[in-house]
Enquirer: 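What follows is a structure written as structure tokens; I'll ask about it next.
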Amino acid sequence: MDDKDKLHQYNLIKEIVSLAYQDEYDMEDFITSFFVSQTFKQIIDYSDITYFNPRLVYLRFVKEVDIKKGNQNPDILVLYYVVNIYLKFYYRTSTSFSAIMSQLPYKDIIDFYELYHTLSEERVIFMSKIRYNLKMNAIRKKRSKKNIELSFNDRDYNLYIAKQLYVKLFSYPEIYSSKYVYNNKHRYLINDNSFFLYTCYLDEIHSVLNDEELGHIKYMNTNNVLFIFPKNDEVLTKDELQSLFMAQKGVAFDKILVYQYGKILFINWSDGYKEFYVDINLLDERRIKSGYLLRYSSTLLKM
């Protein structure tokens, strides 16, 4: 779908939302129902090739679904922003709208509108993923007690462990399509100069952060991630991770993550230090092994 079709889709959905607003429906109830409906899915899938009359779509939907009435709605311009950010989230990540609305609830957009509308859509999307992961910590901490034990002795295998762990926190299309590269002494995952994932052990951190070749690769990419796996019982504290992150010279890793004992320590420039629990199940293990076994089937990139 090109930009013209996306704009048409936005205007169509915006018109449907405005009709509900004019009829004084509760807009939280309307949007949270409409955006996960089969009617909405048809618009998303076919509006570039099929004409949808906004009034007819609206009338059919409110006739089929019981929506509450309410007059405590936000300004219509705020609702247009809600439509915009949900669509941008979908275009950017290809995530289902039910999952999008879990990660970025309607109430969050309303409560943080004054901040969100001043930021880029990309930033709002990532912030919502941060907030969602923090919210999920309690249940993931419980699940992580049953985590599958992973071995970190194979540098190639570690890349796919890191990829799966990263996807569980921050899922984007370019991560799924990243390719394995072995270039001189370096092994990493990369995607079209937009995503770069490198892994190391604790005792390799300083050499990795000061490596000129890696600095060049980071310079050529927009999203550089370093994933650290401690050896044995080594632990990296919050202060140590913050010091390492701030001490980076030259082209820095945008994000550094450390996996230890079912928990991921995370740090970046904008969100600072965070802790996320992750649960690793049999499906994760299969995905890790699948990526590892197929790594040489992709064309190796030459830097």
Enquirer: Is there a donor-acceptor contact under 3.5 Å from the side chain of Asn224 to the main chain of Gly215?
Expert: no
Enquirer: Think Lys289 forms a cation-pi with Tyr160, using NZ or CZ under 6.0 Å from the six-ring centre and within 45 degrees of its axis?
Expert: no
Enquirer: So, do Phe61 and Phe34 have ring centers that fall under 6.0 Å from each other?
Expert: yes
Enquirer: Salt-bridge test for Arg92 and Glu121: reply yes if a basic N is under 4.0 Å from a carboxylate O, no otherwise.
Expert: no
Enquirer: For the residue pair Tyr166 and Phe170, categorise the inter-ring angle as parallel (less than 30°), tilted (30 to 60°) or perpendicular (more than 60°).
Expert: tilted
Enquirer: Cation-pi between Lys274 and Phe266: NZ/CZ under 6.0 Å from ring centre and within 45° of the ring axis?
Expert: no
Enquirer: Cationic tip of Lys218 within the cone over Phe253's six-membered ring, i.e. under 6.0 Å and within 45° of the normal?
Expert: yes
Enquirer: Under 6.0 Å from the six-membered ring centre of Phe126 and within 45° of its axis: does the NZ or CZ of Lys255 meet both?
Expert: yes
Enquirer: Hydrogens and angles aside, do Asp154 and Tyr292 bring a side-chain donor and acceptor to less than 3.5 Å of each other?
Expert: yes
Enquirer: Mind checking whether Tyr25 and Tyr21 have ring centres under 6.0 Å apart?
Expert: no
Enquirer: Would Glu275 and Lys263 satisfy salt bridge (charged side-chain N to carboxylate O under 4.0 Å, His left out), going step by step from the backbone distance to the final call?
Expert: CA-CA 7 Å; Glu275 295 183 359; Lys263 184 167 63 176; 3.3 Å; yes
Enquirer: Can Ser171 and Tyr176 be said to form a side-chain contact (heavy atoms from CB on, under 4.5 Å), step by step?
Expert: CA-CA 8 Å; Ser171 179; Tyr176 290 101; 2.9 Å; yes
Enquirer: Cation-pi between Lys129 and Tyr172: NZ/CZ under 6.0 Å from ring centre and within 45° of the ring axis?
Expert: yes
Enquirer: Examine the side chains of Asn147 and Ser144 and answer whether a donor and an acceptor come within less than 3.5 Å of each other.
Expert: no
Enquirer: Between Ile109, Ile110, Asp75, which is the residue that forms a side chain to side chain contact (heavy atoms under 4.5 Å, CB included) with Tyr81?
Expert: Ile109
Enquirer: Pick from Asp156, Asn158, Thr199: which one makes a side chain to side chain donor-acceptor pair (under 3.5 Å) with Arg187?
Expert: Asp156
Enquirer: Parallel, tilted or perpendicular: which one describes the rings of Phe229 and Tyr259, with boundaries at 30° and 60°?
Expert: perpendicular
Enquirer: Taking Asp284 first and then Lys168, would you say they form a salt bridge - that is, a charged N and a carboxylate O separated by under 4.0 Å?
Expert: yes
Enquirer: Do Glu15 and Leu12 have side chains that get closer than 4.5 Å, going by heavy atoms?
Expert: no
Enquirer: Please tell me whether Gln103 and Ser128 have a donor and an acceptor in their side chains that are separated by less than 3.5 angstrom.
Expert: no
